Each structure stands twice: as C-alpha cells, then as structure tokens.
Amino acid sequence: VQLQASGGGLAQAGDSLRLSCVASGRPRTRYMMGWFRQAPGKEREFVAAISWSGGSTVYEDSVKGRFTISRDNVKNTAYLQMKSLKPEDTAVYYCTASEYYSTFRTGRPDYWGQGTLVTVSS
C-alpha cells in the first residue's frame, strides 16, 4: 500500500484544515487507516485511526472534539478534518495504514506515507 498525504499548510489559531490521504496498491486485507504527527523537537505521536468500515474511530485525547477522521473506500481516501486549530497542533502529519489497531497504539503501523506539514500561528 502506498499512501499520499496532502492538505497541510499554514493556518491561524482557530482555523480549520482538512488533510487527505490517498491509498494505492493492493493490500491483502482490509486495513485501518490513521494519522500520526511529529512536532519539532518532540516524539512522533498517534492522532487518530479509523476502521475499514468507518464505524469505529479512536482519537488521542488532545484532539478529541476538534479533529474528525473519516474515509471513503470508493476513493481509497482517508481524511482528517481539523478544527479549532492550536499552535500546539503544529507538526508534520503522517498518514498510515495497518491491518491491526494494536499497531497504531505501539506506533508501528504497517504502512506510512510522506508527511504533510501543518503550521498553526497564534
């Protein structure tokens, strides 16, 4: 599976941005998709994940209520809608995919895309 993320950019605090991630290739199984981020000088952290059907989602505590992950399997695309952005959301955001949810929690999903930079100014 190859993942191509887009949608990052410069925003002001309180703004919204939507990240997209297009998946290509032929996975052996249905896969979950998720997002990680890495802020300058900090370790990479889990942000959100979504099941194949879209019926189950999970979020890191600091983004709950502000970020929404979704997917469109017809378009092979996952989205991360980010609202009420804060300067502390500034990071490189990585799209990921994996067969098992546990890999997201351990920070080791099977597939990674290139990052897209989100910069939030105060």
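As the structure is a prediction and not an experimental result, all values here were calculated from the model.
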Are V92 and W112 connected in a single hydrophobic cluster, I mean Ile/Leu/Val/Met/Phe/Trp/Tyr linked by side-chain heavy atoms less than 4.5 Å apart? yes
Walk me through whether Y111 and T96 qualify under side-chain contact (heavy atoms from CB on, under 4.5 Å). CA-CA 5 Å; Y111 305 99; T96 63; over 6 Å; no
Under 3.5 Å donor-acceptor, T57 side chain and I50 backbone: no
Between atom CZ of R105 and atom CD of E60, what is the distance when rounded to the nearest 0.5 Å? 8.0 Å
Taking S102 for its side chain and Y100 for its backbone only, find out whether a donor-acceptor pair lies under 3.5 Å. no
Step-by-step side-chain contact (heavy atoms from CB on, under 4.5 Å) determination, C21 to Q4: CA-CA 5 Å; C21 175; Q4 181 71 41; over 6 Å; no
Please determine whether side-chain contact (heavy atoms from CB on, under 4.5 Å) holds for the pair V118 and T90, giving the CA-CA distance in whole Å, both sets of side-chain angles, and the decisive distance to 0.1 Å. CA-CA 5 Å; V118 173; T90 295; 5.9 Å; no
If you define the side chain from C-beta out and look only at heavy atoms, does anything of Y59 sit under 4.5 Å from I69? yes
Between the main-chain N or O of N76 and the side-chain N or O of N73, is there a donor-acceptor pair closer than 3.5 Å? no
Contact between W35 and C95 at the side-chain level, heavy atoms closer than 4.5 Å - yes or no? yes
More than 12 foreign heavy atoms under 6.0 Å from CZ of R108: is that the case here? no
Please answer whether the main-chain N or O of S51 pairs with a side-chain N or O of R71 as donor and acceptor at a distance below 3.5 Å. yes
Using the six-membered ring wherever Trp is involved, compare the ring planes of F36 and F104 and label them parallel, tilted or perpendicular (cut-offs 30° and 60°). parallel
Classify the ring geometry of Y93 against F67: parallel below 30°, tilted from 30° to 60°, perpendicular beyond 60°. tilted
How many angstroms lie between OG1 in T119 and CG in L17, if you round to the nearest 0.5 Å? 9.5 Å
Just so I know, are the side chains of M32 and S98 near enough to count as touching, which here means a heavy-atom distance under 4.5 Å? no
Would you call K64 and D61 a salt bridge, taking side-chain N to carboxylate O under 4.0 Å as the test? yes
Closest non-hydrogen contact found for R66 with S84 is NH1-O, 3.0 Å
Can you give me the closest heavy-atom contact between A13 and P87, atom names plus distance? CB-CD, 4.2 Å
Same cluster or not: L117 versus M82, using hydrophobic residues (I, L, V, M, F, W, Y) connected whenever any side-chain heavy atoms lie under 4.5 Å apart? no
May I ask whether V120 and L10 are part of the same hydrophobic cluster, defined by side-chain heavy atoms of I, L, V, M, F, W, Y residues being less than 4.5 angstrom apart, directly or through others? no
Residue pair K83, D15: steps toward the salt bridge (charged side-chain N to carboxylate O under 4.0 Å, His left out) verdict: CA-CA 6 Å; K83 298 181 179 179; D15 283 353; over 6 Å; no
When you measure from the side chain of E99 to the backbone of R30, do you find a donor-acceptor pair of N or O atoms at a distance under 3.5 Å? no
Is the closest side-chain heavy-atom distance between F46 and V58 below 4.5 Å? yes
Using a 4.5 Å cut-off on heavy atoms from C-beta on, say whether the side chain of S16 contacts that of Q81. yes
Audit row: R37, T116, side-chain contact (heavy atoms from CB on, under 4.5 Å) steps and yes/no: CA-CA 9 Å; R37 66 184 180 185; T116 185; over 6 Å; no
How about L3 and Y94: do any of their side-chain heavy atoms sit closer than 4.5 Å? no
